[in-house]
Protein chains: 2
Amino acid sequence: MAKKYERIADALRQSIRAGQLKPGDRLPAETTLAEQYKTSVPTMRDALGELLAEGLIDKRHGVGNFIREPRPRVERSNQRHQWEKNRARLLESERLKTGSTEHDTGLTVSDLAFKASYREVKADEDLAAVFSVPLGTRLLEREYRTFPREGDAPFSLVCSHLLYDAVSSNPDLLDDSNEPWPGGTQNQLLTVGIELDRIVERITARPPTAEEAEELGLQKGVSVFVLRKICIDTDDRVVEVSDVILPGDVTELVFTTPLDRW
Amino acid sequence: MAKKYERIADALRQSIRAGQLKPGDRLPAETTLAEQYKTSVPTMRDALGELLAEGLIDKRHGVGNFIREPRPRVERSNQRHQWEKNRARLLESERLKTGSTEHDTGLTVSDLAFKASYREVKADEDLAAVFSVPLGTRLLEREYRTFPREGDAPFSLVCSHLLYDAVSSNPDLLDDSNEPWPGGTQNQLLTVGIELDRIVERITARPPTAEEAEELGLQKGVSVFVLRKICIDTDDRVVEVSDVILPGDVTELVFTTPLDRW
DNA sequence: CATGGCAACTCCTAAAGAGGAGTTGAGGAC
DNA sequence: GTCCTCAACTCCTCTTTAGGAGTTGCCATG
């Protein structure tokens, strides 16, 4: 026999799909729902927990449970990388004409807001291995978030590392007051003589840490994408390693692989 | 104050990392653990639930809780697509020499086992839109799983759709007794005059359905990757749409984007 | 010796309830 | 009119308890 909380979750799902419960509606209180479904409150909460993990409802402490607006997924495409590279090759004046507010994380949204902080750190075992440099090598660490709108929860947490000595020749790059980098990361790397050849992205999924869940405003049971973006230049050196955390419930990653070249 | 079950989960995590609990070890019974950590059984179970979702422990009903072997992640790379295409262009005799047992899902494991079933279906709204064909168009549906070893739980559930009329000229392709397709999907598509130009993959994450969790042998709280692979031929037509379910706890997706071409 | 059954152990689902913490809105004080 | 307090309502964490279900191994029976 199916478990009781699963049957209740199914019933609720069906009510949502059938349109009896509309986005924005508040559900009855959990105690009331428990009575309606002839069950206990903890079991009712188990059922709601399923819908929560699926992103069908929002739970708001002290307020109630709400049918969630079917939030459109945010696309993150690797086509952006190519686009970014072409843009980086244009003159500054030409770039201004295109007037895009997008940047190099590949998210297709406008009006991105940033909060950045820069640090000089030493390569730990993990990073030293990826960069193929000795343990303790100086790195520039840039930490930032992207927001759909000012005041909203961020939809990405980014921690990027660059070889310190490779970028320090342009002092602008060491200053976190002018984030995002004008013209994008690729353009700024060009100013220190680095041209990218390819980008390798490794993607895994896991539950968020408590801090990540807090910062991204994630509901319980929702997992995150962990994306490690490795930028390799035309000399086959790793020049940037970015670790990106993306909320799993609203993110769609899109990769296009061309087959007739390389 | 941090929640009690989170503090207990942290303590256990630390014991695992410090090596006091080794892979394969059985934890004390939940009732015993609850006493040790001076808490109730449900709270103890909440703590274990965190470790479960993170893939640090295995719960086995009626047996106990075990520290999990750090299972290596299975890589799925888009480089495979290119490799597959080159291979498809070789003569049959040449291909036999390479002797690889890999196939076109891009998984880097040997000795893949299949269970396949073929069906003729009609395009629903979703598929009709992706293929850009009228609703109800005939499609060949191929459903299969890939296994690391015979007897193990599968690590992918695949449901592939092809335009029926495009492949029916080669009757071998309509027969599910010779899965996997010799030489890979791309090679078989060549036999009906289809050459691929590019592959678009759209990736999302969500909790598994009850059936998916069952089939993939997933522990509670682990999410799955949902990968839709869209193959587009040199005439810009969508010729194959595959929906792939991958376990989130052991899968790593790798995408390489070259920047100097296209 | 081989086999079947049973007991002991495990985790799993479910219930009822107490106290805490966040939110909201009504109503009183100023 | 404005502000503050407080009560009522919400969900959250944790406890205690009960019975069900899966697994294993001992042991009696044949």
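All values below were derived from every heavy atom in this structure, side-chain atoms included, with hydrogens, water molecules and symmetry-related copies excluded. The model shown is predicted, which means the values in this text are computed figures rather than measured ones. In the text below, chain A, chain B and the rest are named by the order of the sequence lines, each starting its count at 1.
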S.K.: Scan Asp46(A) against the nucleic acid and name what it touches under 4.0 Å (heavy atoms): base, sugar-phosphate only, or nothing.
M.R.: nothing

S.K.: Once you apply a heavy-atom cut-off of 4.0 Å, does Thr39(B) come out as touching a base, just sugar-phosphate, or nothing?
M.R.: sugar-phosphate

S.K.: What are the two closest non-hydrogen atoms of Leu51(B) and Ala9(B), and how far apart are they?
M.R.: CD2-O, 3.9 Å

S.K.: Rounded to whole angstroms, how far apart are CZ on Arg45(B) and P on dT16(D)?
M.R.: 17 Å

S.K.: To the nearest angstrom, how far is Leu48(B) atom CG from dC14(D) atom P?
M.R.: 14 Å

S.K.: Where the side chain of Pro42(A) is concerned, which of dC12(D), dT15(D), dA16(C) is the nearest nucleotide?
M.R.: dA16(C)

S.K.: Which nucleotide, dC11(D), dA14(C), dT10(C), lies nearest any side-chain atom of His61(A)?
M.R.: dC11(D)

S.K.: May I have the step-by-step check of salt bridge (Lys or Arg N to Asp or Glu O under 4.0 Å) for Glu54(A) and Arg206(B), ending in yes or no?
M.R.: CA-CA 7 Å; Glu54(A) 291 164 18; Arg206(B) 59 161 172 74; over 6 Å; no

S.K.: Of the nucleotides dG20(D), dT24(C), dC14(D), which has the atom closest to the Lys3(B) side chain?
M.R.: dC14(D)

S.K.: Which listed nucleotide (dC12(D), dC11(C), dA14(C)) is nearest to the side chain of Ser40(A)?
M.R.: dA14(C)

S.K.: Would you kindly give the CG-to-C1' distance between Asp58(B) and dG22(D), to the nearest whole Å?
M.R.: 16 Å

S.K.: Using a 3.5 Å distance criterion without hydrogens, assess whether the side chain of Thr43(A) forms a donor-acceptor pair with backbone atoms of Thr39(A).
M.R.: no

S.K.: Without swapping roles, check the side chain of Glu212(B) against the backbone of Thr209(B) for a donor-acceptor pair under 3.5 Å.
M.R.: yes

S.K.: Quick one: Tyr37(B) OH to dT15(D) P, roughly how many Å, whole number?
M.R.: 15 Å

S.K.: Mapping Gly62(A) and Thr43(A) to their closest nucleotides on DNA chain C, which lands nearer the 5' end?
M.R.: Thr43(A)

S.K.: I need the NZ-C1' distance between Lys4(A) and dA21(D), as an integer number of Å.
M.R.: 18 Å

S.K.: dA16(C) C1' sits how many Å from Glu30(A) CD, rounded?
M.R.: 15 Å

S.K.: So which nucleotide from dC11(D), dT10(C), dA15(C) ends up closest to the side chain of Ala29(A)?
M.R.: dC11(D)

S.K.: Does a nitrogen or oxygen in the side chain of Asn65(A) sit under 4.0 Å from OP1 or OP2 of dT10(D)?
M.R.: no

S.K.: Can you tell me the distance, in whole Å, between the CZ atom of Phe66(B) and the C1' atom of dC9(C)?
M.R.: 12 Å

S.K.: Please report, rounded to the nearest Å, how far the C1' atom of dC11(C) is from the CG atom of Leu33(B).
M.R.: 12 Å

S.K.: Looking for any heavy atom pair under 4.0 Å, which part of the strands does Arg60(A) touch: base, sugar-phosphate only, or nothing?
M.R.: sugar-phosphate

S.K.: Tell me which of Thr32(B) and Lys220(B) sits closer to the 5' end of DNA chain C, going by the nucleotide each one is nearest to.
M.R.: Thr32(B)

S.K.: Quick check for you: to the nearest 0.5 Å, what is the distance between Leu216(B) atom CG and Arg145(B) atom CZ?
M.R.: 9.0 Å

